[in-house]
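Here is the structure we will look at, set down as structure tokens.
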Amino acid sequence: MKISVLKLKDGARHARGTTVIIDVFRAFSVEAYLFAMGVAEIVPVGEQKTAEELKKADGSVVLIGERNGIKIDGFDYGNSPSQILKGDLEGKKVVHTTSAGTQGIVNAVNADEILVCGLVNALATAEYIKEKNPEEVSLVAMGLNGVTPTQEDDLCAEYIKSILLGEPKDLSEQVKALRFTDGAKFFDPQRQEVFPQEDFWLCTAVDRFDFALKYFKTPDGLGVVKKVTVSK
């Protein structure tokens with residue numbers, strides 16, 4: 001198995017084989033919590049306009065999204081796990097657009113298969129890949145807005161790689177350190193409305209979920225993310 005660790009939107013464009021798009025703070029942590037809450041499916045889109053058009057066509061759709069971390073005006077929820085946990089989303093169809101994570105999906109045009117991941121389902125994602133045993137794996141750390149590397153996404157990529165190589169890393173100390181580096185925004189009293197402290201703890205709950213998330217292309221050209229079970 002050839003394993004490549006790539007970064008940002010450019011990395012997504014160069015990804016090959018089974019591709020994992022990683023966004024810890026917060027896109028794919030949010031999607032994992034959504035599926036744990038019982039949502040039916042998630043439609044990830046790159047453009048705000050596309051999301052709004054889908055809502056216009058089907059009023060039952062739940063819009064979740066952000067730009068620069070801030071909830072998009074008119075959307076039902078921002079890209080915050082602590083915020084969505086307050087909602088009743090069981091059985092709902094969610095349309096999700098973000099500055100980094102969903103952009104990775106859109107740009108991974110050469111991938112054979114796309115998985116999305118955060119620290120909360122990293123082990124399950126690695127186990128899914130091991131089960132499939134593809135020739136090539138691309139781990140794409142999307143970073144901040146898809147243009148600036150971040151420690152949490154790099155850490156998640158290296159963690160998945162270590163599991164695939166049979167040498168799983170202990171992340172406890174590195175995760176703790178994140179609160180003083182790229183996770184510091186969640187502890188800024190002036191930014192709690194956009195980056196609530198609870199989001200940090202929810203996004204860094206390593207291996208909380210035992211399922212992987214896979215992106216499936218659909219005939220309408222949009223695609224959906226669905227939960228996939230992992231054999232033990």
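No side-chain donor-acceptor contact under 3.5 Å links Asn68 to the backbone of Ile70. In this structure a side-chain-to-backbone donor-acceptor pair under 3.5 Å is present from Arg26 to Asn79. No side-chain donor-acceptor contact under 3.5 Å links Glu135 to the backbone of Gly17. A donor-acceptor pair is defined here as one N or O able to donate and one able to accept, closer than 3.5 Å; such a pair exists between the side chain of Ser162 and the backbone of Lys169. At least one donor-acceptor pair closer than 3.5 Å links the side chain of Asp170 to the backbone N or O of Ser172.
Contact annotation: the side chain of Phe75 never approaches that of His96 to less than 4.5 Å [non-hydrogen atoms, C-beta and beyond]. Residues Val24 and Thr150 are not in side-chain contact: their nearest non-hydrogen atoms beyond the backbone lie 4.5 Å or more apart. Within the 4.5 Å cutoff, side-chain heavy atoms of Pro149 are placed close to those of Asp154. Using a 4.5 Å heavy-atom threshold, the side chains of Asp210 and Val230 count as separate. You'll find the side chain of Val94 stays beyond 4.5 Å of the side chain of Ile84, heavy atoms only. Counting heavy atoms from C-beta outward, Ser80 and Val30 have side chains that stay 4.5 Å or more apart. For the pair Phe28 and Asp153, the minimum side-chain heavy-atom distance is 4.5 Å or more. Lys55 is listed as a side-chain neighbour of Asp76, based on a closest heavy-atom distance under 4.5 Å.
Atom CD of Glu167 is separated from atom NZ of Lys161 by 10.0 Å, given to the nearest 0.5 angstrom. Ser138 contributes atom OG, which lies 11.5 Å from atom CD of Glu113 (distance to the nearest 0.5 angstrom). Distance check, rounded to the nearest 0.5 Å: CE of Met142 to CD1 of Ile22 gives 10.5 Å. Distance CG/Asn107 to CD1/Ile21: 8.5 Å, rounded to 0.5 Å. The distance from the CD1 atom of Ile3 to the CG atom of Leu164 is 4.5 Å, given to the nearest 0.5 Å. In this structure, Leu119 CG and Leu178 CG are separated by 7.5 Å, a value rounded to the nearest 0.5 Å.
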With side-chain contact (heavy atoms from CB on, under 4.5 Å) as the test, would you mind laying out the steps for Phe195 and Asp188 before giving the verdict? CA-CA 8 Å; Phe195 298 109; Asp188 183 345; over 6 Å; no

In sequence, state the C-alpha distance, the side-chain angles, and the governing distance for Thr19 and Tyr215, and then conclude on side-chain contact (heavy atoms from CB on, under 4.5 Å). CA-CA 10 Å; Thr19 296; Tyr215 174 77; over 6 Å; no

Derivation of the side-chain contact (heavy atoms from CB on, under 4.5 Å) call for Ser29 and Leu202: CA-CA 8 Å; Ser29 299; Leu202 291 171; over 6 Å; no

Salt bridge (Lys or Arg N to Asp or Glu O under 4.0 Å) for Lys130 and Glu127? Distances and angles first, verdict last. CA-CA 5 Å; Lys130 287 167 66 176; Glu127 293 294 342; 3.8 Å; yes

Is there a side-chain contact (heavy atoms from CB on, under 4.5 Å) between Asp199 and Phe25? Walk through the geometry before answering. CA-CA 8 Å; Asp199 281 3; Phe25 293 151; over 6 Å; no

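Nearest heavy atoms, Gly223 versus Thr218: N-OG1, 2.8 Å. Smallest separation of non-hydrogen atoms from Thr125 and Cys117: OG1-SG, 3.5 Å. Closest of all the heavy-atom pairs between Tyr77 and Gly87 is OH-CA, 3.4 Å. Closest approach of Val120 to Cys203, counting heavy atoms only: CG1-O, 3.9 Å. What you find for Gly146 and Ala100 is that their closest heavy atoms are N-CB, 3.7 Å. Nearest heavy-atom pair, Ala40 versus Gly91, reported as atom, atom and distance to 0.1 Å: CB-O, 3.7 Å.
Heavy atoms from other residues, nucleotides or ligands lying under 6.0 Å from NZ of Lys214 number more than 12. Within a 6.0 Å radius of NZ in Lys93, no more than 12 heavy atoms belonging to other residues, nucleotides or ligands are found. No more than 12 heavy atoms of other residues, nucleotides or ligands lie within 6.0 Å of NZ in Lys7, so this atom counts as exposed by the packing criterion. Summarising the local packing, CD of Glu47 is surrounded by 12 or fewer heavy atoms from other residues, nucleotides or ligands at distances under 6.0 Å. The neighbour count for Asp58 CG, taken as heavy atoms of other residues, nucleotides or ligands under 6.0 Å away, is above 12.
Figure legend: cation-pi geometry between Lys227 and Phe35 absent, as NZ or CZ is not positioned both under 6.0 Å from the six-membered ring centre and within 45° of its axis.
No continuous path of hydrophobic side-chain contacts links Phe211 to Ile129 [ILVMFWY only; heavy atoms under 4.5 Å]. Transitive grouping of hydrophobic side chains (ILVMFWY, heavy atoms separated by less than 4.5 Å) keeps Val140 and Leu144 in distinct clusters. Cluster annotation: Val39 is connected to Phe209 through the hydrophobic network of ILVMFWY side chains, with a link wherever side-chain heavy atoms come within less than 4.5 Å. Clustering ILVMFWY residues whenever any of their side-chain heavy atoms sit less than 4.5 angstrom apart, transitively, puts Leu155 in the very cluster that holds Val20. Ile160 and Met1 fall within a single hydrophobic cluster, where Ile, Leu, Val, Met, Phe, Trp and Tyr side chains are chained together by heavy-atom contacts under 4.5 Å.
Counting only N and O atoms by type, the side chains of Asn121 and Tyr128 include no donor and acceptor under 3.5 Å apart. A donor-acceptor pair shorter than 3.5 Å cannot be found between the side chains of Gln48 and Thr97.
The pair Lys176-Glu173 meets the salt-bridge criterion, since a charged nitrogen lies less than 4.0 angstrom from a carboxylate oxygen.
A tilted orientation is assigned to the rings of Phe200 and Phe186, their planes being inclined by 30° to 60°.
When each of Ile42, Ile64, Asp23, Thr98 is paired with Glu31, the side chain to side chain contact (heavy atoms under 4.5 Å, CB included) condition holds for Ile42 and for no other. For the pairing with Phe216, the side chain to side chain contact (heavy atoms under 4.5 Å, CB included) check across Ile114, Val225, Val228 returns one residue only, Val228.
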